[in-house]
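To start, the structure under review is shown below, and the notes come after it.
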There are 2 protein chains.
Amino acid sequence: MRFSTRGHYGLKAMFDLAQHYGGAPVPLKSVAARQSLSVQYLEQLIAILRKAGLVKSVRGAQGGYMLARNPQEIKVGDVVRALEGPLAPVDCVHEIDPKVCDQADDCITRIVWEKIRNSIAQVMDSITLADLCREAKEREGKEKKENKEKRKRKRKRKSEEGV
Amino acid sequence: MRFSTRGHYGLKAMFDLAQHYGGAPVPLKSVAARQSLSVQYLEQLIAILRKAGLVKSVRGAQGGYMLARNPQEIKVGDVVRALEGPLAPVDCVHEIDPKVCDQADDCITRIVWEKIRNSIAQVMDSITLADLCREAKEREGKEKKENKEKRKRKRKRKSEEGV
DNA sequence: CAATATCATAGCATGTTGGTCGGGTATTGT
DNA sequence: ACAATACCCGACCAACATGCTATGATATTG
């Protein structure tokens with residue numbers, strides 16, 4: 001079971017745009033560099049996101065892309081569904097257009113896939129891009145703290161070596 | 001995002017075997033008929049399940065397959081993982097062998113995929129084949145009540161088709 | 001020994017993935 | 001005006017996975 005790179009890369013890109021929200025439009029080139037993705041492939045993905053109304057573009061020099069709305073109003077689920085289509089771990093529990101199988105009502109295993117689909121949706125739809133940005137900030141802070149201690153120990157070791 | 005038919009069909013087959021647990025070995029032919037699957041394809045799937053130690057086989061006439069242990073000791077997750085491999089919505093959160101990406105620690109989006117993977121695992125590993133059998137029984141009971149009237153109409157339609 | 005079933009391997013059409021290539025077109029700074 | 005920048009668009013492609021089918025063995029029973 002796997003998502004394609006579309007959802008994976010696309011979410012990375014959207015997170016990148018979210019971190020620059022409010023500023024000047026971000027050129028794809030820099031997104032691609034930071035997230036280490038190919039510009040040309042990213043162009044395809046962002047085109048889909050634009051058509052889905054999740055990002056806005058500014059053409060020409062000094063142009064680029066920006067989120068179409070607030071990061072806290074864009075759910076991970078919006079991004080992933082735009083790029084990968086509706087959730088459908090198996091055809092008969094497709095979010096939009098479930099394929100009715102011949103066994104229809106007495107297909108018990110169906111409830112398993114339904115639960116899986118719902119639990120994925122629950123995760124994707126309860127996390128916004130803003131949440132990810134917050135997480136990134138927190139993690140940055142932690143890192144600084146941890147590094148302070150590391151540096152202390154490093155200094156200590158050094159002084160001990162000196163003895 | 002989708003599971004392949006392997007997990008889908010395989011779970012159906014295992015559910016079928018679970019419903020016959022304790023009795024004589026069940027030939028694939030009858031499993032295939034009940035679940036409307038191709039015998040030959042099913043052979044491939046069940047071979048995998050056998051090598052994974054989830055089913056036992058009895059060769060020769062009057063042979064067939066049976067669960068290797070109690071239905072309540074076989075989780076949906078066991079079956080699906082055997083057929084589809086370890087859960088890995090994206091490579092960097094692979095259950096067994098996660099591919100470390102260059103960004104490693106500051107890859108924030110990773111936590112999303114991790115949560116998705118865990119939520120899928122949680123569903124798959126909390127449902128056993130015995131649970132599905134129980135569900136099937138309950139549903140049968142309900143159906144009997146509801147269908148008293150429906151069957152009347154169905155019989156009528158059938159007799160008309162027969163003409 | 002014939003019928004039944006499992007077991008094993010090879011092949012194959014089709015579709016998806018994960019891109020690249022080669023062009024456009026719109027906007028800006030000089 | 002005219003580069004330079006950057007978005008936009010469609011075609012194409014190799015490689016792989018999927019969902020089978022086909023063929024033929026091997027084991028067991030009556």
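Just so you know, these numbers use all the heavy atoms, side chains as well, and skip hydrogens, waters and symmetry mates. These numbers were taken from a predicted model, which means no experiment stands behind them.
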Given the structure, check if the side chain of B/Q40 and the base of D/dC20 hold any donor-acceptor pair shorter than 3.5 Å.
no
Taking only side-chain N and O atoms of B/T5, does any of them lie within less than 4.0 angstrom of OP1 or OP2 on D/dG19?
yes
May I ask you to evaluate whether A/S57 reaches the phosphate of D/dC8, defined as a side-chain N or O under 4.0 Å from OP1 or OP2?
yes
Would you say C/dG18 has OP1 or OP2 under 4.0 Å from some side-chain N or O of A/Y9?
no
Round to a whole Å and report the spacing from CZ of B/F3 to P of D/dG19.
13 Å
When you measure from the side chain of A/A61, which nucleotide among C/dT28, D/dC8, C/dT6 comes out closest?
C/dT28
May I ask you to say what B/I46 touches in the nucleic acid, namely base, sugar-phosphate or nothing, with a heavy-atom cut-off under 4.0 Å?
nothing
Output yes when at least one side-chain N/O atom of B/R59 is less than 4.0 Å from OP1 or OP2 of D/dA25, else no.
no
Counting only side-chain heavy atoms from C-beta out, which of C/dT17, C/dA8, C/dT28 sits nearest to B/E43?
C/dA8
Rounded to whole Å, how long is the line connecting atom CG of A/L45 with atom P of C/dT17?
12 Å
Given the structure, check if the side chain of A/Q44 and the base of C/dT20 hold any donor-acceptor pair shorter than 3.5 Å.
yes
What's the CG-P distance between B/L83 and D/dT18, to the nearest Å?
12 Å
In terms of side-chain geometry, is the basic nitrogen of B/R81 or B/D125 positioned less than 4.0 Å from the acidic oxygen of its partner?
yes
Go through A/T128 and A/E73 one step at a time and tell me if the side-chain hydrogen bond (donor to acceptor under 3.5 Å, both in side chains) criterion holds.
CA-CA 7 Å; A/T128 69; A/E73 284 165 359; over 6 Å; no
Taking donor-acceptor contacts at under 3.5 Å, does the side chain of B/R6 reach the base of D/dT18?
no
